[in-house]
Amino acid sequence: MIMMDKPMSKKVRIARAALHFGEEPCISGGGGSGAIFFAGCNVRCVFCQNHIISRHLLGKDVDSKRLSQIYRELIEQGAENINLVTADHYADAVIESFAYYQPPVPIIWNTSGYVHPSILKKLAPFIDVFLPDLKFTNREIAKRYCAHEDYFQVASEAIRHMRQISGKAVFDNRGFIRKGTIVRHLILPNAIDNSLRAIDFVAALPETPISLMAQYVPWGKAAAYPEINRTLLPKEYAQVQEYLFSTNLDGWIQDLSSADPSYIPDFNGSGV
């Protein structure tokens with residue numbers, strides 16, 4: 001038997017690690033966000049624009065030591081932060097990576113929102129910014145379009161935990177986020193009430209910005225669901241936007257022109 005001084009480094013699968021300029025302005029900043037896209041996702045939305053990595057697990061396996069080196073390489077390229085995209089199922093490996101290198105920039109946990117509190121408890125000492133999706137507030141919609149009909153029950157609890165861990169959003173003098181929680185919501189066709197209830201939920205959280213996204217394109221398996229097999233109608237977006245403006249929420253909105261497949265990253269293994 002071979003004895004080792006420490007356990008072998010845990011593995012993760014990564015599809016892309018590169019500067020990303022398509023996030024909210026406070027995240028992309030001037031130098032870009034150091035976005036690391038992890039393969040796999042526990043929510044499995046039928047319309048996922050990243051389905052080639054979330055469902056088909058495209059990517060390259062690396063250990064947590066190599067992951068820590070990727071952080072350093074992105075920072076050397078000018079990354080304003082390290083943006084860990086859909087890494088919930090690799091939480092232990094990510095935590096291990098910080099033992100090799102602790103980046104001197106904010107660490108962002110970019111998540112589907114469907115996260116168990118035990119994972120968040122482990123992550124708490126390492127994460128500066130939580131960037132959860134709040135995809136579904138309606139149980140029937142969640143049941144139809146993802147793997148978990150209890151999505152809202154789990155995600156709403158998780159987001160409250162994230163907000164408790166991070167505290168209120170804090171920005172530097174350039175307007176770039178340093179700590180806090182930003183809740184993202186993607187508006188779906190024919191699901192206006194789902195979006196209005198998402199706005200209600202975020203509005204009830206103290207000093208928590210929202211990012212309202214209009215970038216939906218019928219991707220993945222969306223063609224099998226006629227009611228979402230199209231982009232948003234201007235009147236749908238206007239209705240949700242008007243409701244958002246009736247609240248006191250701070251945050252960001254996207255233009256409808258963002259619903260363009262050309263904005264989807266090329267998951268070609270770059271930077272891995």
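In summary, the aromatic rings of Phe37 and Phe267 are positioned with their centroids under 6.0 Å apart. When ring centroids are compared, Phe152 and Phe201 come within the 6.0 Å threshold.
Residues Met162 and Val94 fall within the same hydrophobic cluster, defined by Ile, Leu, Val, Met, Phe, Trp and Tyr side chains chained together at heavy-atom separations under 4.5 Å. Note on Ile70: it clusters hydrophobically with Ile127, by side-chain heavy-atom contacts below 4.5 Å among ILVMFWY residues. Leu134 and Ile119 are members of different hydrophobic clusters when ILVMFWY side chains are connected at heavy-atom separations under 4.5 Å. Tyr71 and Phe38 fall within a single hydrophobic cluster, where Ile, Leu, Val, Met, Phe, Trp and Tyr are joined by side-chain heavy atoms under 4.5 Å apart, directly or via other members. Both Ile253 and Ile187 sit in one connected hydrophobic cluster of ILVMFWY residues. Membership requires side-chain heavy atoms under 4.5 Å apart, directly or through other members.
Looking only at distances, no side-chain donor or acceptor of Glu24 sits under 3.5 Å from a matching main-chain atom of Ser211. A side-chain donor-acceptor contact under 3.5 Å links Asp172 to the backbone of Phe176. Under a 3.5 Å cut-off, the side chain of Arg55 and the backbone N or O of Gly40 do not form any donor-acceptor pair. Side-chain atoms of Asp63 never come within 3.5 Å of backbone atoms of Lys10 as a donor-acceptor pair (strictly under, hydrogens ignored). Between the side chain of Ser270 and the main chain of Asn268, no donor-acceptor pair closer than 3.5 Å is present. For the pair Arg16 (side chain) and Asp266 (backbone), a donor-acceptor distance under 3.5 Å is present. Judged by distance alone, the side chain of Glu157 and the main-chain N or O of Val154 form no donor-acceptor pair under 3.5 Å. Not one N or O on the side chain of Ser258 forms a donor-acceptor pair closer than 3.5 Å with the backbone of Gln254. A donor-acceptor pair under 3.5 Å is formed between the side chain of Tyr90 and the backbone N or O of Ala39.
Around the CD atom of Gln164, the shell of radius 6.0 Å holds no more than 12 heavy atoms that belong to other residues, nucleotides or ligands. Within a 6.0 Å radius of NZ in Lys221, other residues, nucleotides and ligands contribute 12 heavy atoms or fewer. For Asn229, the CG atom counts as densely surrounded, since its 6.0 Å shell holds more than 12 non-hydrogen atoms of other residues, nucleotides or ligands.
Every residue meeting the side-chain contact (heavy atoms from CB on, under 4.5 Å) condition with Pro25, not counting sequence neighbours, appears here in chain and number order: Trp252. Scored by the side chain to side chain donor-acceptor pair (under 3.5 Å) test, Asp255 finds Ser257 as partners (sequence neighbours excluded). In this structure, the ring-ring contact (aromatic ring centres under 6.0 Å, His included) partners of His56, at least two apart in sequence or on a different chain, are His51. Under the ring-ring contact (aromatic ring centres under 6.0 Å, His included) criterion, Phe126 pairs with Phe98, not counting sequence neighbours. For Leu249, the side-chain contact (heavy atoms from CB on, under 4.5 Å) criterion is met by Ile199, Val202, Ala203, Ile210, Leu244, Thr247, not counting sequence neighbours. In terms of the salt bridge (charged side-chain N to carboxylate O under 4.0 Å, His left out) criterion, Asp260 has no residue partners (sequence neighbours excluded). Every residue was checked against the ring-ring contact (aromatic ring centres under 6.0 Å, His included) condition with Tyr237, not counting sequence neighbours, and none meets it. Evaluation of the salt bridge (charged side-chain N to carboxylate O under 4.0 Å, His left out) rule for Arg139 yields Glu149 as partners, not counting sequence neighbours. Residues passing the side-chain contact (heavy atoms from CB on, under 4.5 Å) test with Glu140 are Asn138, Lys143, sequence neighbours excluded. Listed by chain and number, the residues in a side-chain contact (heavy atoms from CB on, under 4.5 Å) with Ile75 are Ile82, Tyr101, Pro103, Pro104, Val105 (sequence neighbours excluded). Under the ring-ring contact (aromatic ring centres under 6.0 Å, His included) criterion, Phe130 pairs with no residue, sequence neighbours left out.
Rounding to the nearest 0.5 angstrom, the gap separating the OG1 atom in Thr181 from the CD1 atom in Ile165 is 8.0 Å. Once rounded to the nearest 0.5 Å, the distance linking OG of Ser156 with NE2 of His161 reads 10.0 Å. To the nearest 0.5 Å, the span separating CG on Leu57 from SG on Cys41 amounts to 10.5 Å. To the nearest 0.5 Å, atoms CD1 (Ile14) and NZ (Lys60) are separated by 9.5 Å. The distance from atom CG of Asn42 to atom NE2 of His116, rounded to the nearest 0.5 Å, is 12.0 Å. Taken from CD in Glu236 to CD in Gln239, the straight-line distance is 8.5 Å, to the nearest 0.5 Å.
Side-chain atoms of Tyr100 and Leu67, non-hydrogen and from C-beta on, never get closer than 4.5 Å to each other. Counting heavy atoms from C-beta outward, Pro189 and Glu227 have side chains that stay 4.5 Å or more apart. Using a 4.5 Å heavy-atom threshold, the side chains of Lys168 and Arg163 count as touching. Residues Glu80 and Ser33 are not in side-chain contact: their nearest non-hydrogen atoms beyond the backbone lie 4.5 Å or more apart. Leu205 has its side chain within reach of Ile159: a pair of non-hydrogen atoms, C-beta onward, lies under 4.5 Å apart. Looking only at side-chain heavy atoms (C-beta outward), Cys146 and Lys135 stay at 4.5 Å or farther from each other. The shortest distance between side-chain heavy atoms of Pro218 and Thr231 falls below 4.5 Å. Annotation: side chain of Lys65 is not in contact with side chain of Glu96 (no heavy-atom distance under 4.5 Å).
A donor-acceptor pair shorter than 3.5 Å cannot be found between the side chains of Ser28 and His20.
Leu256 and Ala214 make their closest contact through CD2-CB, 4.0 Å (heavy atoms, listed as atom of the first residue, atom of the second, distance). Nearest heavy atoms, Leu19 versus Gly31: CD1-O, 3.5 Å. Taking both residues in full, the closest heavy atoms of Ala17 and Val272 are given as N-CG2, 4.2 Å, listed atom of the first, atom of the second, then distance. Ser97 approaches Ser68 most closely through the heavy-atom pair O-CB, 3.4 Å. Nearest heavy-atom pair, Arg66 versus Gly271, reported as atom, atom and distance to 0.1 Å: NH2-O, 3.6 Å. Between Gly30 and Phe21, the shortest heavy-atom contact is O-CE2, 3.9 Å.
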Show which side-chain atoms of residues 106-114 pair as donor or acceptor with protein atoms under 3.5 Å away, not counting sequence neighbours.
unit_1: Trp109; atom_1: NE1; unit_2: Asp88; atom_2: OD1; d: 2.7
unit_1: Asn110; atom_1: ND2; unit_2: Asn83; atom_2: OD1; d: 3.2
unit_1: Thr111; atom_1: OG1; unit_2: Asp88; atom_2: OD1; d: 3.3
unit_1: Thr111; atom_1: OG1; unit_2: Asp88; atom_2: OD2; d: 2.8
unit_1: Thr111; atom_1: OG1; unit_2: Gly113; atom_2: N; d: 3.1
unit_1: Ser112; atom_1: OG; unit_2: Tyr114; atom_2: N; d: 3.3
unit_1: Tyr114; atom_1: OH; unit_2: His148; atom_2: ND1; d: 3.3
unit_1: Tyr114; atom_1: OH; unit_2: Asp150; atom_2: OD1; d: 2.9
unit_1: Tyr114; atom_1: OH; unit_2: Asp150; atom_2: OD2; d: 3.3

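Residues Arg13 and Asp61 are paired through a salt bridge, judged by an N-O separation under 4.0 Å between the basic side chain and the carboxylate.
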